[in-house]
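Only one structure is covered here, and it is reproduced in the block below.
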Amino acid sequence: MQSKKLNLLVSPLCFLSIGAMQIIDAQTVEKPNIVIIYADDLGYGDISCYGATKISTPNIDNLARQGLRFTNMHATSATSTPSRYSLLTGKYAWRKKGTGIAAGDASALIQPGQTTLPSLLKKAGYTTAVVGKWHLGLGTAGGTDWNGEIKPGPMDIGFDYNFLIPATGDRVPCVFVENRRVVNLDPKDPIEVSYSHPVGNEPTGKNHPELLKMQLSHGHDQTIINGISRIGYMSGGKAARWVDEDIADIITGKAKKFIEGNKDKPFFLYFSTHDVHVPRVPNARFAGKSGLGPRGDVILQLDNSVKEIMETLKALDLLGKTIVIFSSDNGPVLNDGYKDQAVELQNGHKPAGPFRGGKYSAFDGGTRIPFIVYWSGRVKPGESKALVSQIDFMRSFAMMVGITIPDNEGIDSENNLNVILGKSQKDRDYVIEQNANNTLAILKGNWKYIEPSNADSYNRLVNIELGNNPQPQLYNLKTDLGEKNNVASTTPKIVKELSKLLEEIKGKGFQTQEDFKLK
Ligand code: NG6
Ligand code: CA
């Protein structure tokens, strides 16, 4: 495991990477642009370059063909907020209270002053942006001021520019935020948001299902916006409300604009798509095109966003100067609260590929996700089977640009740049995954251990096995990729080893007031 002591050894002249056991001198520090395209709820089996046969994603496939396609990448969590928290901070979300799926009016989860991937890149001279889904809270604990200056937010933790869906598409407020302000807000029509009681007098999905263009299946029965009822109540802000059918075009356009405006100096773009999260409302260009219903259609829409980003980079002659990463925040779900025919029109499509479970699950369907790294002329096209985790983006890219990380920050992130860039196929020592109930699993070598949990084993609403079991679970992923045979009782030595390691890792982060151990 990479030691924090590492940072003490760094001098302006050399960087010693213990993980890769190599010395990089200052002259080899490079500052390519970094674009992370982060899809939402896209499963391992949802795209054709990962084996989907019922849907074709030619543009993501192109990226995979010309880049490095990983088969063993793990998001840190089976839901969005914790995966994103870990990606940006290099710290497992389960170390901090309140990092489960965030409400639409949650306050900022990453506090100003905390070291983040963008704050490190900014130190190295990068211009940094987040465009798309945020879902990490905005504003102070007293309540986000949607009508005034929204602070703290991404600009206070290292992003120079942001254009946000504040939480998720299915949560109010259904407006975009640009830098610190709601876009197109008419001050005479202020926004009010509540997650506890009705506000305003607009119809809800619960009381007026006849007004809905897409019926709900569970939850999502509060204020109706654009014919779709959401989680949470909202009034006002009429001119600012988004039209779901246009979200992909709008945020892809903002991402392209950011690239164009920063083409001459290093930039970091975290482009966080709304697709393929619910509500799945494709633009007319994609509606009905996949044959799998709206869920398939928004996969095509996502593929188109990738195409547009790549065409922009190409037109600006930036392909050789830009690392493009494509991945997802957690595994797939079909019915996530709206009757959008994802189940009925599945047609044999396997969103989680060969893996058990899906979104919310401790099984690999929850967290093993696509991961493609493309860097023209620099990353050799091919496949990597190395065990990798999104937790390592922070330290790996910080090392690449020659920036050190304070001792008490990014404590879970390791420098695995050589693996990410395909120069090595060395497995990470271990990977930790968190399901929706905060049950943790640890992968090491061929083994996967899931700690005992008394939480429900199955979520009937979404029809997904959550991987919770009051007994320890141990799977041999080499012989049992689908996690069917729990061998914990016949392999107690490995159970003991992995449960001990997991407890040690939990203890490691218990350093400050705000940190805590879940169990
Ligand atoms: C759940 C929502 C689901 C989705 C999820 C967050 C209900 C019944 N379900 O609570 O629809 O919004 O939260 O998904 O409300 S995530 O990908 O952002 O983590
Ligand atoms: Ca998600």
Side-chain angles (χ1 to χ4, degrees), residues 36-44 46 74-88 93-94 98-106 109 132-137 164-174 195 204-206 214-223 225 228-233 244 247 270-281 294-295 298-299 302 327-340 342-343 351-352 357-362 365-370 390 433-438 455-456 459-464 466:
I36 298 180
I37 304 174
Y38 207 47
D40 199 351
D41 296 1
L42 185 81
Y44 191 95
D46 269 329
H74 299 260
T76 60
S77 166
T79 60
S80 153
T81 301
S83 287
R84 291 158 196 265
Y85 179 90
S86 302
L87 186 152
L88 291 179
W94 43 263
T99 53
I101 298 172
D105 62 351
L109 293 174
K133 170 170 168 171
W134 182 237
H135 211 193
L136 288 167
L164 309 175
I165 293 167
T168 56
D170 57 352
R171 283 168 174 75
V172 300
C174 299
Y195 277 73
T204 61
K206 188 171 183 190
M214 183 191 280
Q215 293 295 320
L216 60 95
S217 63
H218 54 271
H220 305 98
D221 62 355
Q222 295 169 344
T223 303
I225 313 270
I228 300 161
S229 53
R230 318 278 167 160
I231 311 172
Y233 300 98
D244 301 76
I247 290 179
Y270 167 45
F271 177 41
S272 168
T273 72
H274 166 62
D275 296 324
V276 299
H277 198 278
V278 294
R280 303 166 186 133
V281 193
R295 187 173 186 278
V298 296
I299 293 177
L302 169 70
S327 199
S328 173
D329 66 340
N330 54 252
V333 55
L334 292 177
N335 177 1
D336 207 15
Y338 293 99
K339 292 184 180 162
D340 64 4
V343 175
K359 180 174 179 176
Y360 309 110
S361 177
T367 45
R368 196 180 304 205
I369 31 85
Q390 291 176 355
E433 305 170 341
Q434 164 189 3
N435 80 356
N437 307 99
N438 293 333
D456 290 345
N459 184 331
R460 207 164 269 107
L461 292 173
V462 295
N463 192 22
I464 287 176
L466 298 172

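We count ligands from 1, going down the list as the structure has it; atoms in each ligand are counted the same way. Sequential numbering from 1 along the given sequence is applied to the chain's residues. The shown structure was predicted, so the numbers you read here are calculated from the model rather than taken from an experiment.
For atom 15 (O) of ligand 1, the nearest non-hydrogen atom from the set Ile231, Leu461, Val333 belongs to Ile231.
Counting all heavy atoms, side chain and backbone alike, Gly357 lies closest to Ser361 at CA-OG, 3.8 Å. Considering all non-hydrogen atoms of both residues, Leu136 and Tyr85 come closest at CD2-N, 3.7 Å.
The atom name of the N/O/S atom in Asp329 closest to the Ca ion (ligand 2) is OD2. Taking the Ca ion (ligand 2) as reference, Asp41 places its N/O/S atom OD1 nearest. Within Asp40, the N, O or S atom lying nearest to the Ca ion (ligand 2) carries the name OD1.
Under a 4.0 Å heavy-atom criterion, Ser80 is in contact with ligand 1.
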(Q) Quick one, Lys359 with Asp336, criterion side chain to side chain contact (heavy atoms under 4.5 Å, CB included). Give me CA distance, side-chain angles, the key distance, then yes/no. (A) CA-CA 9 Å; Lys359 180 174 179 176; Asp336 207 15; 2.9 Å; yes
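Close contacts between ligand 1 and Asn330 involve ligand atoms 17 (O) [criterion: under 4.0 Å to a heavy atom]. Taking a cut-off of under 4.0 Å to the non-hydrogen atoms of Asp40, the atoms of ligand 1 that pass are 17 (O). The distance from ligand 1 to the heavy atoms of His135 drops below 4.0 Å at these ligand atoms: 18 (O). Of all the atoms in ligand 1, the ones that sit under 4.0 Å from a non-hydrogen atom of Thr79 are 19 (O). Close contacts between ligand 1 and His218 involve ligand atoms 8 (C) [criterion: under 4.0 Å to a heavy atom]. Listed by atom number, the atoms of ligand 1 under 4.0 Å from Asp170 heavy atoms are 3 (C), 4 (C), 11 (O), 12 (O). Numbered from 1 in the order shown, with element, the atoms of ligand 1 that lie under 4.0 Å from a heavy atom of Asp41 read 17 (O). Distances below 4.0 Å separate heavy atoms of Thr168 from the following atoms of ligand 1: 18 (O).
Side-chain atoms of Thr367 and Asn330, non-hydrogen and from C-beta on, never get closer than 4.5 Å to each other. You'll find the side chain of Thr99 stays beyond 4.5 Å of the side chain of Trp94, heavy atoms only. With a 4.5 Å cut-off on side-chain heavy atoms, Ile228 and His220 do not count as touching. Side-chain contact between Val276 and Asp40 is absent, with no heavy atoms from C-beta onward closer than 4.5 Å.
Residue contacts with ligand 1, taken as heavy atom pairs separated by less than 4.0 Å, involve Lys133 solely via side-chain atoms from C-beta onward. When non-hydrogen atoms are compared, ligand 1 lies under 4.0 Å from the side chain of Tyr360 (C-beta onward) but not from its backbone.
Looking at Arg84, Lys133, Gln390 one by one, the single match for side-chain hydrogen bond (donor to acceptor under 3.5 Å, both in side chains) with Tyr38 turns out to be Gln390.
Using a 4.0 Å cut-off between a side-chain N of Lys or Arg and a carboxylate O of Asp or Glu, Asp46 and Arg295 qualify as a salt bridge. A salt bridge links Asp244 to Arg230: one of the charged nitrogens lies within less than 4.0 Å of a carboxylate oxygen.
No side-chain donor from either of His277 and Thr168 sits under 3.5 Å from a side-chain acceptor of the other.
In this structure a side-chain-to-backbone donor-acceptor pair under 3.5 Å is missing from Ser229 to Thr223.
Closest protein heavy atom to atom 14 (O) of ligand 1: Lys359 NZ, 2.7 Å. The protein non-hydrogen atom at the shortest distance from atom 13 (O) of ligand 1 is Arg171 NH2, 3.1 Å. Among all non-hydrogen protein atoms, the one lying nearest atom 9 (N) of ligand 1 is His220 CE1, 3.8 Å.
Because the distance cut-off is set at 3.0 Å, Ser83 fails to qualify as a neighbour of the Ca ion (ligand 2), as none of its N, O or S atoms comes that close.
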